[in-house]
Amino acid sequence: MSSITAPFSTATGPDVKVRFCPSPTGTPHVGLIRTALFNWAYARHTGGQFLFRIEDTDAERDSEESFDQILDALGWLGLNWDEGVNVGGPAEPYRQSERGHIYQEVIEKLKASGHIYESFLTGEEIDERNKAAGRAVQLGYDNSERDSTEEQRAAYRAEGRSPALRLRVPEVDITFTDLVRGEITFPAGSFPDFVVVRPNGQPLYTLVNPVDDALMGVTHVLRGEDLLSSTPRQIALYNAMYEAGITQFIPQFGHLPYVMGEGNKKLSKRDPQANLFHHRDRGFIPEGLLNYLALLGWGLSADQDIFTMDELAAAFDVKNVNPNPARFDQKKADAINAAHIRLLSAEDFKSRLLPYLQSAGVVGVTLTANEQAILDAAAPLIQERLVVLSEAPDLLSFLFKTADQISIDTDALDGMPENVAEVLTAAIAALQGIGENEFKTEPVQAALNHALIEVLGLKPRFAFGPLRTGISGRRISPPLFESMEILGRTETIARLEAFARTV
RNA sequence: GGUCCCAUCGUUUAGCGGCCUAGGACACCGCCCUCUCACGGCGGCAGCACGGGUUCAAAUCCCGUUGGGAUCACCA
C-alpha cells in the first residue's frame with residue numbers, strides 16, 4: 001500500500017498561516033481562548049496570517065448564541081484576525097455550515113481517486129464481527145469493505161441501506177514532528193479506516209477540518225492536545241488530498257497542553273473558572289487575563305511574568321511551549337491581573353472602572369458632573385488596591401452617597417475603641433476649624449493629627465479607625481484624608497456627627 | 001485492553017551535560033513602610049517521582065518502573 005508522500009509545510013515567516021476554528025457550542029472556555037491566543041501570537045510573531053473559521057457542522061449542538069459569544073470574546077480580548085468570519089478572504093465562506101457544496105466536490109474527487117470507499121456496516125454489525133472473530137470490540141472497524149465488489153454493494157443497497165464513506169488509511173507508520181512535543185510516530189494499524197461522510201451525505205469533522213485547513217492554506221495547526229491522537233488520521237487524509245491534487249502540503253502540528261482545574265481533571269465546562277465571561281464579570285482586564293493564560297504553558301523569560309501583548313507577540317514561539325498540562329491557579333491569575341490594573345494610565349483605569357460602577361448602580365448610566373468629579377478624584381485612590389475591577393463599587397460607593405445613606409458594617413463597629421465618642425467629638429471640632437475652601441487632604445490630616453495624636457495622645461490606628469468607619473461605614477476604605485477631601489467639609493462632618501449619635 | 005502524550009518547590013515556570021549547594025513568579029510565613037487595605041522593600045519555607053544505564057561529569061541523554069492524562073464515534 002502507499003505511504004505518506006505529501007510534504008509538510010516549510011513555512012516559517014510571513015508565509016505562516018495559523019487558524020482558530022472553534023465550534024460554537026456553549027460559552028467560551030479559557031482553554032479555548034488560550035488556544036486562540038497562542039495562534040494569534042504565533043501569527044503576529046512570524047508576521048503571518050491569523051485565520052478565524054467557525055466549525056458549525058453539528059446542527060444539534062451549535063448555537064448562534066455561542067457564535068455571538070465567541071465574537072464577543074475575541075473582540076473584548078483584542079485577538080484580531082486577518083482572514084475569516086466577518087472579515088472575508090479568498091476562501092469564503094468561513095462558516096462550515098455554508099460550505100457544503102465545497103465538501104461535496106472534495107468528496108467526489110476523493111471517491112474518484114479511490115481514497116474513500118463505501119461502508120454499509122452498522123456499528124452493531126462491526127461489533128458482531130469482532131466478537132465472532134475473537135477480537136476486542138474496542139478495535140472497531142476491521143476495514144472489511146475496502147475491496148467489496150459492486151455486487152456486494154448493490155446487495156446492501158437493495159436492502160435499502162445507504163453507505164457511510166470511509167478513508168482508506170495507508171498501512172504505514174505515520175510520523176510527524178509535533179512543534180511542542182517533538183517527533184511522534186503512530187504505528188501502522190493504530191486506527192482503522194474511519195468514517196468521513198455520514199450515510200446521509202453529511203461530512204464529518206474528520207473530513208471537514210483538514211479539508212478547510214488545506215483549502216485555506218493553513219500551514220500550522222496549533223490546537224489542544226486532545227486532538228493529538230486524531231492527527232495521524234488527518235495526516236492520512238491530507239495525504240489522500242495531496243494525491244488527489246487537492247492540496248500541496250501537510251501543515252505542521254503543535255499540540256498545546258491542557259488547562260487543568262483542581263486535581264488532575266481538565267478544567268470542566270461546568271467550572272466557573274473555565275468560563276471566560278466569569279472572569280470578565282469579576283473585573284479581569286484583557287491584558288491581565290491574556291497574560292495569565294499565556295503563562296499556562298509558556299513564559300516570556302526566566303524572571304519576567306508581567307508582559308504586554310506586544311512583548312508576547314515579539315517573543316512567542318510554539319517551540320517554547322511546555323508539553324505538560326498546567327493548572328489554572330486563580331490566585332496567580334488575580335495577581336497578574338492586579339499588576340496589569342496598576343500598569344494602566346489613570347485615564348484608562350477610570351474608563352475601565354466605569355462600567356462596573358454603573359452596573360452596580362453606584363453611578364448613573366450618564367454621569368452627573370458631581371459623579372464625574374468624585375470619580376476623577378477617587379479612581380487614583382484605588383487603582384493599586386484592586387485585584388479585579390468588580391471590587392471597586394464596594395470600595396467607592398460611600399463617596400457617592402449622602403450621610404443618611406451610610407450604614408455601618410458590624411465588623412467595622414467591632415473594631416471601635418472604648419473612647420470612640422471622645423475621638424469623634426475631638427475630630428469634629430478639629431475639622432470645623434478648617435475653612436470650606438481649605439478642606440484638603442494636607443490640612444485635614446494636619447488638624448486631625450494635632451487633635452487626636454498630639455493632644456489626645458492616641459495611637460494613629462485608634463484615632464483614625466473611628467473616622468474611617470464614620471465616613472465610609474467600613475473597616476477598610478480608600479485613604480482617609482483623601483476621602484474626606486472628596487466628601488467635603490460639610491458632608492464629612494455630617495457623617496461623623498451621625499456616627500457619633502449612634503455610639 | 002490497543003495506541004499516544006506527560007512528569008523540576010503547593011501552583012506556574014527557568015534549566016536544553018559542567019555556570020545548579022536548582023533561579024524567578026504566585027501562594028504561604030515573618031519583618032519594614034503605614035490612617036485601614038493595598039502598593040513597595042527585605043527575609044524565610046519549599047522541588048528535580050523512582051530505579052538502572054551512558055559519561056570524567058546528568059535535573060538535563062537512553063531504558064525501565066510508577067503515577068497521571070488523552071484517544072480508540074456515523075461529536076467536534
Side-chain angles (χ1 to χ4, degrees), chain A residues 21-25 55-58 60-62 96 119 121-123 135-141 162-166 178 180-182 184-187 189-192 194-200 202-206 208-209 224-233 255 257-258 260 263-266 292 295-306 322-336 338-339 342 381-387 395 412 415 445 448-449 452-453 459-465 467-469 472 474-483:
Chain A
C21 52
S23 287
T25 59
E55 306 222 329
D56 52 352
T57 54
D58 186 353
E60 293 288 306
R61 300 199 309 159
D62 299 326
Q96 290 186 333
S119 169
L121 258 26
T122 65
R135 290 186 299 253
V137 284
Q138 289 105 317
L139 256 29
Y141 187 60
S162 299
L165 264 26
R166 289 181 186 269
D178 189 282
V180 343
R181 286 151 216 277
I184 299 174
T185 297
F186 289 76
S190 292
F191 52 91
F194 54 94
V195 172
V196 293
V197 181
R198 284 186 177 124
N200 66 6
Q202 287 296 310
L204 293 164
Y205 162 84
T206 48
V208 136
N209 175 274
E225 90 171 84
D226 50 331
L227 266 358
L228 180 55
S229 43
S230 72
T231 300
R233 291 177 190 43
H255 290 92
Y258 284 113
M260 315 282 282
N264 280 321
K265 291 168 297 191
K266 250 180 91 176
Y292 179 66
L295 253 15
L296 261 23
W298 185 80
L300 182 76
S301 72
D303 56 6
Q304 188 185 347
D305 271 1
I306 307 296
N322 250 329
N324 49 319
R327 252 146 296 268
F328 189 94
D329 179 358
Q330 189 68 60
K331 285 192 171 158
K332 173 96 178 190
D334 285 354
I336 298 285
R342 276 176 242 129
L381 264 29
I382 63 165
Q383 185 166 359
E384 70 181 22
R385 283 164 229 274
L386 292 187
V387 169
L395 218 43
Q445 179 165 12
L448 291 174
N449 250 319
L452 304 179
I453 311 297
K459 290 242 190 283
R461 185 184 191 88
F462 296 114
F464 302 128
L467 308 186
R468 180 184 314 287
T469 297
S472 71
R474 299 294 168 77
R475 189 174 58 81
I476 296 167
S477 81
L480 183 61
F481 312 115
E482 286 82 349
S483 296

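Note that the coordinates shown come from a computational prediction; the quantities given were computed from them, not determined experimentally. By convention in this document, chain letters (A, B, ...) are assigned in the order of the sequence lines, proteins followed by strands, and residues within each chain are numbered from 1.
The shortest side-chain heavy-atom distance between A:Thr231 and A:Asp178 does not fall under the 4.5 Å cut-off. Annotation: side chain of A:Tyr141 is in contact with side chain of A:Ser119 (closest heavy-atom distance under 4.5 Å).
The same atom, C1', is picked in B:A46 and in B:G23; the two are 14 Å apart, to the nearest Å. Using P as the reference atom, B:U8 and B:A14 are 11 Å apart when rounded to the nearest Å.
Counting non-hydrogen atoms under 4.0 angstrom, A:Glu482 reaches a base of the nucleic acid. Among the protein residues, A:Leu296 comes within range of the sugar-phosphate backbone only, with heavy atoms under 4.0 Å from sugar or phosphate atoms but none that close to a base. Among the protein residues, A:Arg181 comes within range of the sugar-phosphate backbone only, with heavy atoms under 4.0 Å from sugar or phosphate atoms but none that close to a base. Heavy atoms of A:Asp305 sit under 4.0 angstrom from at least one base atom.
Checking B:C4, B:C74, B:U36 against the side-chain heavy atoms of A:Leu204 singles out B:C74 as nearest. Closest approach to the A:Asn324 side chain among B:G10, B:U36, B:C6 is made by B:C6 (side chain taken as heavy atoms from C-beta onward). Distances were taken from every side-chain heavy atom of A:Thr57 (C-beta onward) to each of B:U71, B:C35, B:A76; the shortest belongs to B:A76.
Partners of A:Asp58 by side chain to side chain donor-acceptor pair (under 3.5 Å), not counting sequence neighbours, listed by chain and number: A:Arg61. Listed by chain and number, the residues in a ring pair (Phe, Tyr, Trp, His ring centres under 6.0 Å) with A:Phe194 amount to none (sequence neighbours excluded).
For A:Arg342 and A:Ser119, each mapped to the nucleotide of RNA chain B holding its nearest heavy atom, the one lying further toward the 5' end belongs to A:Arg342. Where A:Thr206 and A:Ile476 each meet RNA chain B at their nearest nucleotide, the meeting point lying more 5' is that of A:Ile476.
If you check B:A46 for Watson-Crick or wobble pairing at under 3.5 angstrom, you find it has no partner at all. Of the nucleotides present, B:U66 is the one that pairs with B:A7 by Watson-Crick or G-U wobble criteria, both distances under 3.5 Å.
Between the side chain of A:Arg461 and the base of B:C35, no donor-acceptor pair of N or O atoms lies under 3.5 Å. One can find a donor-acceptor pair under 3.5 Å joining the base of B:A25 and the side-chain atoms of A:Lys332.
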